[in-house]
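Index from 1, following the sequence.
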Amino acid sequence: MYQINALNPKDEGHQARKRFGQNFLHDQRVIEKIVRAVNPRRNDNLVEIGPGLAALTSPLIAEVDKLNVVELDRDLAAGLPKRVPYPERLNIIEADALKFDFSTLSQDQPLRVVGNLPYNISTPLLFHLVQQGANIQDMHFMLQKEVVERITAEPNSKEYGRLSIMLQYYCKATYLFEVPAGAFNPPPKVTSAVFRLEPYSQKPIQAQNERNFAALVAHVFTQRRKTLRNSLKGKLDDAAFAHVGIDPMARPENLSLAQFVALSDACIEVF
């Protein structure tokens, strides 16, 4: 494993920018744990979102022939080559990850995506990426712990909701480990966690109408304390509930992904 020194944004002359949601990772033990979880191979098609001060970029670039990085902050992007070993392996893309077409990097080889995601754009960015899942092998991200718990939640838990269902529809989601606030500079006010998403090449459960499925899930979780009978009144009658074998008196957090797909497919009229 390539060894790096902990990075301090003040030492680098760069102040974290709140508008970009910047919190720089500096704990080497955490960095090495992330790299072990990713387990990069020499010919991997690896892309890092938000490399920042290169704390994770440095050990990653030592393990691969080429590393793509997507960075919105121009000052950070300009400083990256001097912060990493093997700068000739670095491909810097100055872009907003929310708008970037990651498929342009796949080149017939699926991407492996890594990042310490800004909390303020994490949910839309994850949905942006899973929509491009056909070009992605896996994703390793760090986010606010409570968000990771929601992403990886199982039915019948308070964390289980729209985010759990929609991301698990597209990917296998795995909670990996917790990261304390002190691992960052400046330290955020929350604990973080690292998780893995592996997009399905063929979804184990397929909705007949994915747009309707997404709309149904969003609808019932805006009224999560209501029974399904009440929240889906006019969309599903008792006969339809009986047909799919779902109790109309259940609440959204009680249903599995497969049951949500069955409800969507049984809707009398679409959303």
- Item | All ring pair (Phe, Tyr, Trp, His ring centres under 6.0 Å) counterparts of F260, not counting sequence neighbours | F221
- Note on the structure: Minimal heavy-atom distance between R83 and G52, with the atoms involved, is NH1-O, 4.2 Å
- Message: Return the CG to CD1 distance between N68 and I92, rounded to the nearest 0.5 Å.
- Response: 10.5 Å
- Query: For the side chain of T191 and the backbone of A181, is there at least one donor-acceptor N/O pair under 3.5 Å apart?
  - Reply: no
- Query: Are E178 and K33 ion-paired here, with the side-chain N under 4.0 Å from a carboxylate O?
  - Reply: no
- Task: Tell me yes or no: between the side chains of Q109 and Q107, is some donor less than 3.5 Å from an acceptor?
- Result: no
- Check: S106 and Q132 side chains under 4.5 Å, non-hydrogen atoms: no
- Could you go through the side-chain contact (heavy atoms from CB on, under 4.5 Å) check for L176 and R196 one step at a time? CA-CA 7 Å; L176 296 178; R196 179 186 296 120; 3.7 Å; yes
- Using the side-chain contact (heavy atoms from CB on, under 4.5 Å) rule, take N254 and L228 through it: C-alpha gap first, then chi angles, then the decisive distance, then the call. CA-CA 10 Å; N254 303 133; L228 294 169; over 6 Å; no
- Message: Is it true that, when you exclude R29 itself, more than 12 heavy atoms of the residues, nucleotides or ligands shown sit nearer than 6.0 Å to its CZ?
- Response: no
- Under the ring pair (Phe, Tyr, Trp, His ring centres under 6.0 Å) test, residues paired with F100 that sit two or more places apart: F102
- Message: Side chains of D138 and H140, heavy atoms from C-beta outward: is any pair under 4.5 Å?
- Response: yes
- Item | Under 3.5 Å: donor-acceptor pair, side chain of E198, backbone of C171 | no
- Task: Would you name the heavy atoms of R112 and V38 that are closest together and state the gap between them?
- Result: NH2-O, 2.6 Å
- Check for a donor-acceptor pair, side chain of H26 on one end and backbone N or O of G182 on the other, with a separation under 3.5 Å. yes
- Task: Take E253 and R225 through the salt bridge (Lys or Arg N to Asp or Glu O under 4.0 Å) test and state the conclusion after the steps.
- Result: CA-CA 9 Å; E253 66 267 24; R225 300 316 305 156; 2.8 Å; yes
- Any side-chain heavy atom of V114 sitting closer than 4.5 Å to one from L60? yes
- Message: For K172, is the NZ atom crowded, meaning more than 12 foreign heavy atoms sit under 6.0 Å from it?
- Response: no
- State whether the side chain of Q144 and the backbone N or O of E146 hold a donor-acceptor pair below 3.5 Å, judged by distance alone. no
- Can a donor-acceptor pair be found between the side chains of T57 and E48 at a distance below 3.5 Å? yes
- Verify the cluster assignment for L255 and M249: are they in a single hydrophobic cluster under the rule of side-chain heavy atoms below 4.5 Å apart? no
- Message: Any heavy-atom pair between the side chains of N45 and V47 that's under 4.5 Å?
- Response: no
- Item | R41 vs N43 side-chain heavy atoms within contact, under 4.5 Å | yes
- Item | Q208 backbone acceptor or donor facing D265 side chain under 3.5 Å | yes
- Item | Interatomic spacing from CG in L197 to CD in Q168 - rounded to 0.5 Å | 9.5 Å
- Just do the side-chain contact (heavy atoms from CB on, under 4.5 Å) check on V147 and K145 with the steps written out, would you? CA-CA 5 Å; V147 177; K145 181 183 176 184; over 6 Å; no
- Query: Between E210 and K203, is any pair of side-chain heavy atoms under 4.5 Å apart?
  - Reply: yes
- Message: Give me the atom names and distance for the closest heavy-atom approach of P51 to L80.
- Response: CG-CD1, 3.6 Å
- Message: Closer than 3.5 angstrom, by distance alone: can the side chain of R150 be matched with the main-chain N or O of K158 as a donor-acceptor pair?
- Response: no
- Taking S231 for the side chain and T227 for the main chain, is one N or O donor matched with an acceptor at less than 3.5 Å? yes
- Query: Can you name the closest pair of heavy atoms from T174 and T152 and give their distance?
  - Reply: C-CG2, 3.9 Å
- Item | Nearest-0.5 Å distance, CD1 of residue I246 to CG of residue L236 | 8.5 Å
- Message: To the nearest 0.5 Å, what is the distance between CZ on R162 and OG1 on T123?
- Response: 8.5 Å
- Below 4.5 Å, heavy atoms only, C-beta onward: do F141 and I151 meet side chain to side chain? no
- Using the salt bridge (Lys or Arg N to Asp or Glu O under 4.0 Å) rule, take E63 and R89 through it: C-alpha gap first, then chi angles, then the decisive distance, then the call. CA-CA 10 Å; E63 302 295 332; R89 300 179 185 178; over 6 Å; no
- Query: Would you say the side-chain atoms of S164 pair up with the backbone N or O of G161, donor to acceptor, closer than 3.5 Å?
  - Reply: yes
- Message: Is the shortest side-chain heavy-atom distance between V30 and L25 below 4.5 Å?
- Response: yes
- Task: Could you pull out all residues at least two apart from F241 that satisfy ring pair (Phe, Tyr, Trp, His ring centres under 6.0 Å)?
- Result: none
- Straight-line distance of N135 CG to D101 CG, nearest 0.5 Å: 8.0 Å
- Flag for Q206-Y200: side-chain donor and acceptor within less than 3.5 Å: no
- Tell me, with the steps shown, if L167 and F195 meet side-chain contact (heavy atoms from CB on, under 4.5 Å). CA-CA 12 Å; L167 289 179; F195 68 106; 5.8 Å; no
- Is any side-chain N of the basic residue among K66 and D44 closer than 4.0 Å to the acidic one's carboxylate O? no
- Atom NE2 in H219, atom CZ in R224: separation rounded to 0.5 Å? 14.5 Å
